[in-house]
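Here's the structure we're looking at; comments come further down.
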Amino acid sequence: MVALGVPMMGRAPMAPSRLFPLSEQAWFYTHYFSQAGLAENEFGRDVAATLRKIYFWASGEAGPRDDRTPNPFGMVAREAGLLDALPDPGALPNWLDGADFDAFVSAFTASGFRGGLNYYRNLDRNWDLQAAFSGMLVQVPALYLVGEHDPGLAMPGMRGIIDAMPKLVPDLRGSQIIPGAGHWLQQEASDQVNAVLIEFLRGL
């Protein structure tokens, strides 16, 4: 098993709707995504601009992560939308081919964004179901890869979660940070990811 970006972690002590931050001024992006109709209406107004912003600002081209770096997976102001805090880069990131981008725009224009957003609307239900697997470990050989500039890596406590993975994944063969890459790891650093995967598979 190979995990990219999101590490193996134990079941949270409370449902995500209670765990993730929110206030009268702002809410975590998962809360924003959970409101039926809200994010899909914002994202659907200009599909190309939506994808251009999210692909760029979640990628390694956004640079090192700090409080000044626009983050599509952070807090969203109540009086604004998620995209309002993401400047339009005006061009595609270097790793994203124009023809591929056009295909993504066409697909999301046809389907809308509700399918993907529905995942976030089921987070509490998934948390309930996860209780059935409490105490189980991932026993197969495993590998973890994450981009150096992945927004998730900058979340509070994430480094500790990654360091604790061997307790849940006893046969973890490696945990690697891919330099310069962001959230779209297999697209941004395909050569490096493929090389690490082949090395991992040869060692099985």
Side-chain angles (χ1 to χ4, degrees), residues 4-7 12 15-96 98 100-102 104-109 111-124 146-159 161-162 177-189:
L4 303 181
V6 180
S17 62
R18 296 174 54 210
L19 179 67
F20 296 133
L22 76 163
S23 69
E24 292 183 1
Q25 292 74 39
W27 44 8
F28 197 52
Y29 80 99
T30 55
H31 289 295
Y32 178 71
F33 284 177
S34 294
Q35 305 304 306
L38 197 58
E40 51 259 67
N41 289 340
E42 181 192 11
F43 292 174
R45 283 195 288 268
D46 186 336
V47 173
T50 294
L51 295 180
R52 192 165 54 245
K53 288 181 175 187
I54 292 176
Y55 284 144
F56 181 88
W57 288 112
S59 79
E61 292 192 29
R65 299 285 165 179
D66 58 35
D67 292 340
R68 296 166 295 178
T69 308
N71 182 2
F73 308 134
M75 298 296 288
V76 178
R78 293 273 191 167
E79 73 278 3
L82 181 140
L83 300 175
D84 292 327
L86 304 178
D88 194 328
L92 299 179
N94 292 327
W95 50 269
L96 181 53
D100 289 342
F101 180 75
D102 289 343
F104 298 153
V105 171
S106 177
F108 277 106
T109 298
S111 70
F113 291 87
R114 179 163 297 176
L117 291 166
N118 279 343
Y119 167 80
Y120 296 91
R121 294 163 189 165
N122 201 52
L123 286 177
D124 281 3
V146 64
E148 177 187 14
H149 300 314
D150 190 318
L153 197 58
M155 289 182 178
M158 187 58 67
R159 300 279 182 161
I161 290 172
I162 293 171
I177 296 176
I178 305 298
H183 189 65
W184 322 111
L185 183 56
Q186 64 271 35
Q187 292 170 274
E188 297 180 57

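Just so you know, residue 1 is the first one in the sequence shown, and it goes up from there. These values consider heavy atoms only, across backbone and side chains, with no hydrogens, waters or symmetry-generated copies.
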Query raised in the report: Can you say whether the rings of Trp27 and His31 are parallel (under 30°), tilted (30 to 60°) or perpendicular (over 60°)?
Result: parallel
Query - Asp88 CG to Phe56 CZ distance, which is reported to the nearest 0.5 Å - result: 10.0 Å
Query raised in the report: Taking the side chain from Trp57 and the backbone from Pro87, do they hold a donor-acceptor pair closer than 3.5 Å?
Result: yes
Query raised in the report: Parallel, tilted or perpendicular: which fits the ring planes of Tyr55 and Trp184, with parallel below 30° and perpendicular above 60°?
Result: perpendicular
**Report entry** Glu61 side-chain N/O to Asn94 backbone N/O, donor-acceptor pair under 3.5 Å
**Finding:** yes
Report task. Using atom types as modelled and distance alone, determine if a side-chain donor or acceptor of Asp66 lies under 3.5 Å from a backbone N or O of Thr69. Result -> yes
Requested in this report: Return the minimal non-hydrogen interatomic distance between Ile161 and Pro7, and the atom names on each side.
Outcome: CG2-CG, 3.8 Å
**Report entry** Step-by-step ring-ring contact (aromatic ring centres under 6.0 Å, His included) determination, Tyr29 to Phe33
**Finding:** CA-CA 6 Å; Tyr29 80 99; Phe33 284 177; 5.4 Å; yes
Report task. May I ask you to decide if Phe20's main-chain N or O and Thr30's side chain share a donor-acceptor pair within less than 3.5 Å? Result -> no
Query raised in the report: Are any of the side-chain heavy atoms of Pro72 and Lys53 separated by less than 4.5 Å?
Result: no
Query raised in the report: Considering only heavy atoms from C-beta outward, does the side chain of Ile54 approach that of Leu51 to under 4.5 Å?
Result: no
Query raised in the report: With no hydrogens and no angle check, is any side-chain donor or acceptor of Glu148 less than 3.5 Å from a backbone partner on Gly182?
Result: no
Query raised in the report: Does any N or O in the side chain of Ser106 come within less than 3.5 Å of the main-chain N or O of Asp102, such that one atom is a donor and the other an acceptor?
Result: no
**Report entry** Heavy-atom donor-acceptor pair, Arg65 side chain to His149 backbone, under 3.5 Å
**Finding:** yes
Query raised in the report: Mind checking whether Tyr32 and Leu38 have side chains closer than 4.5 Å, heavy atoms only?
Result: yes
Query raised in the report: Ignoring hydrogens and geometry, is there a side-chain-to-backbone donor-acceptor pair from Asp84 to Ala80 under 3.5 Å?
Result: no
